[in-house]
Protein chains: 2
Amino acid sequence: MNDKQNLVPLGNISMTDRVENKLRAYFLKNAFKPGDSLPGEIEIAEKLNVSRNVVREALSRLRMLGIIESRTRRGMIMARPDILGGLERVMNPFILGQDTLEDIFELRLILEMGMAEFLFARKTEKDIEELEAIVKKQASLNEPTIEEEIKFHTKLYDMTGNETFKRFQILLQPIFNHTFNNKKKHKIHTPDHIYHDGIVKALKSGSVEDFRLAMKKHLKPYFKMTV
Amino acid sequence: MNDKQNLVPLGNISMTDRVENKLRAYFLKNAFKPGDSLPGEIEIAEKLNVSRNVVREALSRLRMLGIIESRTRRGMIMARPDILGGLERVMNPFILGQDTLEDIFELRLILEMGMAEFLFARKTEKDIEELEAIVKKQASLNEPTIEEEIKFHTKLYDMTGNETFKRFQILLQPIFNHTFNNKKKHKIHTPDHIYHDGIVKALKSGSVEDFRLAMKKHLKPYFKMTV
DNA sequence: CGAAATCTTTTTGTAAGTCAAATATAGTTA
DNA sequence: TAACTATATTTGACTTACAAAAAGATTTCG
């Protein structure tokens, strides 16, 4: 046995990191639910034998994520975090790695191919009409705008009726565009907007498989960019 | 015009919140990249006219997300955040809302239906063999275990070759299970493990469409739970 | 003159104490 | 009994202090 293995990690973990981890573990272990009240800062500091300062830095993190809430001068309670809040804060194309950006670009393709079942399960007359209006407007423009393009796809996410999914797309949108613009050199022969009407048609009077085939065709240029 | 609208927000925003927002905006506006060095805590505090304490609480948040790194006693630099770090910390079924949990449950179905193209683009002989081994082992057990079930699906995510996607699935796994267990009452007539071999077969010698049909059949009981 | 040792400066990590302000509770008064 | 008052609690924010590590500047010595 080589003892070196046990020495490797080291990881430079600060008091604040440790307190944050301890608190999250504590919440999970005790099945804390939103609304439950928490011990005060001073009590936590004393129990963990650190300064109130360190505790506040850890709590500040949890507060940012929405895990806890502080009713000013009345104490802290557990809260219901926005699951995508943490994601939102790191959505900065300058600091994310190129590989991560490309992973996200691929994710879009997976999502738009995969959402078919839910679209068919939940589509309404009104949805279809809206899509048709978007397509019509797009066709009337001499040049297709990126805004109209986005509007069409965003509407599809909306139609799934899945709020988290919808917000997810809004967060990812800037990354899509950033990566797409970086790749534009890869010349796309088939401008996609001509296929939007095909997608709507499949959605309106076709089967789930028809839709997926139309979507696949529509996304083909993007697939070419990744696989 | 009603002035009341302008009074509504109020939002109880703390100094720390404001500093955090200011810093993130500053990084974005100036296109800060990983490795770039940042002004010191004291300088930031003076520039923003707040105490060093407040600045440290804001920086602590950014450090948690991996946006910045502090080389102890040498200064801070921009870093490359783990895009899913924030998500990981709020993955606690007790504090997430029921609607969010169900949204995530649906997301799984979308992902597994949507990943087909990438599986076919990147599958290898070895991948197929591994899947077959998993199915074989599963068939040999008197009772299918949840571990083997997870192993099969995890392998599929692996095969996409998309690291972010893969980690995403690992994070979501506990939520899937939690929601699944809560819904078990909805009696599933067709135990899914019998279809795993069908999926592998489609993946091995079928078309992308064959795979999607097999997967759809496999996931049918889950779809029943949501739509 | 050059290399090695030492000192100084810088900067983050951690601690401790102070004060303000809002709220809940207890206590008091009419 | 109801209204008012005082008190204790608790978070938000500021200040000061010091340790420790690393880098740079300075000094010392061969």
Side-chain angles (χ1 to χ4, degrees), chain A residues 7-24 26-27 32 34-81 95, chain B residues 7-24 26-27 32 34-81 95:
Chain A
L7 288 174
V8 195
L10 175 60
N12 237 7
I13 188 160
S14 69
M15 284 292 155
T16 302
D17 291 331
R18 297 224 293 251
V19 173
E20 183 217 323
N21 290 335
K22 266 208 182 298
L23 286 173
R24 275 190 295 109
Y26 171 69
F27 297 157
F32 270 66
D36 294 353
S37 71
L38 303 176
E41 295 176 351
I42 300 168
E43 190 184 335
I44 295 172
E46 281 169 357
K47 286 256 169 65
L48 297 181
N49 201 33
V50 292
S51 76
R52 194 180 149 216
N53 235 322
V54 166
V55 172
R56 277 189 62 82
E57 283 185 24
L59 290 172
S60 179
R61 297 176 175 187
L62 303 181
R63 199 156 33 234
M64 172 188 71
L65 294 176
I67 294 173
I68 65 171
E69 247 171 50
S70 300
R71 286 136 349 142
T72 324
R73 289 122 202 165
R74 269 203 300 153
M76 295 178 291
I77 56 171
M78 291 297 284
R80 193 176 297 294
I95 61 174
Chain B
L7 288 176
V8 195
L10 176 60
N12 236 8
I13 188 161
S14 68
M15 284 292 156
T16 303
D17 291 332
R18 296 224 294 250
V19 173
E20 184 216 323
N21 290 336
K22 266 207 183 295
L23 286 174
R24 273 191 295 108
Y26 171 70
F27 296 158
F32 270 64
D36 292 355
S37 72
L38 303 176
E41 295 175 351
I42 300 167
E43 190 184 335
I44 295 173
E46 281 170 357
K47 286 256 168 65
L48 298 180
N49 201 32
V50 293
S51 76
R52 193 181 149 216
N53 235 321
V54 166
V55 172
R56 277 189 62 81
E57 283 184 25
L59 290 172
S60 178
R61 297 176 174 187
L62 303 181
R63 200 156 33 235
M64 172 186 69
L65 294 176
I67 295 173
I68 64 171
E69 246 171 50
S70 300
R71 284 133 354 138
T72 324
R73 288 122 203 167
R74 270 203 300 151
M76 294 179 291
I77 56 171
M78 292 296 285
R80 192 176 297 293
I95 61 174

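These numbers come from a predicted model, not from an experiment. Just so you know, these numbers use all the heavy atoms, side chains as well, and skip hydrogens, waters and symmetry mates. Chain naming here is simple, since letters A, B, ... match the order of the sequence lines and numbering starts at 1 in each.
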Can you measure [X] atom [atom1] to [N] atom [atom2] for me and round it to whole angstrom units?
| X | N | atom1 | atom2 | answer |
| --- | --- | --- | --- | --- |
| Arg56(A) | dA15(C) | CZ | P | 15 Å |
| Leu59(A) | dG12(D) | CG | C1' | 13 Å |
| Asp17(A) | dT12(C) | CG | C1' | 13 Å |
| Glu69(B) | dT12(C) | CD | P | 14 Å |
| Ile77(B) | dT11(C) | CD1 | P | 15 Å |
| Ile42(A) | dA16(C) | CD1 | P | 13 Å |
| Met15(A) | dA19(D) | CE | P | 17 Å |
| Glu57(A) | dG12(D) | CD | C1' | 14 Å |

Problem - Distance-only donor-acceptor test (3.5 Å): side chain Arg52(A), base dG12(D) - result: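 Such a pair exists between side chain and base.
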
Exercise for the section: Would you mind checking if Arg56(B) and Glu41(B) are paired as a salt bridge, meaning a charged N to carboxylate O distance below 4.0 Å? Expected result: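 Salt bridge present between Glu41(B) and Arg56(B).
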
Handout entry: Arg61(A) side chain vs Ser60(B) backbone, donor-acceptor pair below 3.5 Å
Key =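 Side chain of Arg61(A) to backbone of Ser60(B): a pair is present.
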
Exercise for the section: Tell me yes or no: between the side chains of Arg18(A) and Asn21(A), is some donor less than 3.5 Å from an acceptor? Expected result: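 Note: Arg18(A) and Asn21(A) side chains miss the donor-acceptor criterion.
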
Nearest to the [X] side chain among [options], which nucleotide is it?
| X | options | value |
| --- | --- | --- |
| Val50(B) | dG12(D), dC14(D), dT11(D) | dC14(D) |
| Arg63(B) | dC14(D), dG13(C), dT14(C) | dG13(C) |
| Thr16(B) | dA13(D), dG12(D), dT14(C) | dA13(D) |
| Ser70(B) | dT11(D), dA22(D), dT12(C) | dT12(C) |

Handout entry: Leu23(B) vs Leu59(B) side-chain heavy atoms within contact, under 4.5 Å
Key =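 Yes; the side chains approach each other to less than 4.5 Å.
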
Handout entry: Under-4.0 Å side-chain N/O to phosphate OP1/OP2 contact, Arg74(B) with dG24(D)
Key =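 Arg74(B) to dG24(D) OP1/OP2: no side-chain N or O under 4.0 Å.
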
Practice task
Would you indicate, yes or no, if dA15(C) has its OP1 or OP2 atom less than 4.0 angstrom from a side-chain nitrogen or oxygen of Ser51(A)?
Solution key: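 Affirmative; the distance criterion is met.
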
Exercise for the section: Could you say whether Gly40(B) or Asn53(B) is positioned toward the 5' end of DNA chain C, judged by the nucleotide with the nearest heavy atom to each? Expected result: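 Result of the comparison: Gly40(B).
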
Problem - Minimum heavy-atom distance between Thr16(B) and Ala58(B), given as atom pair plus value - result: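 The answer is CG2-N, 3.7 Å.
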
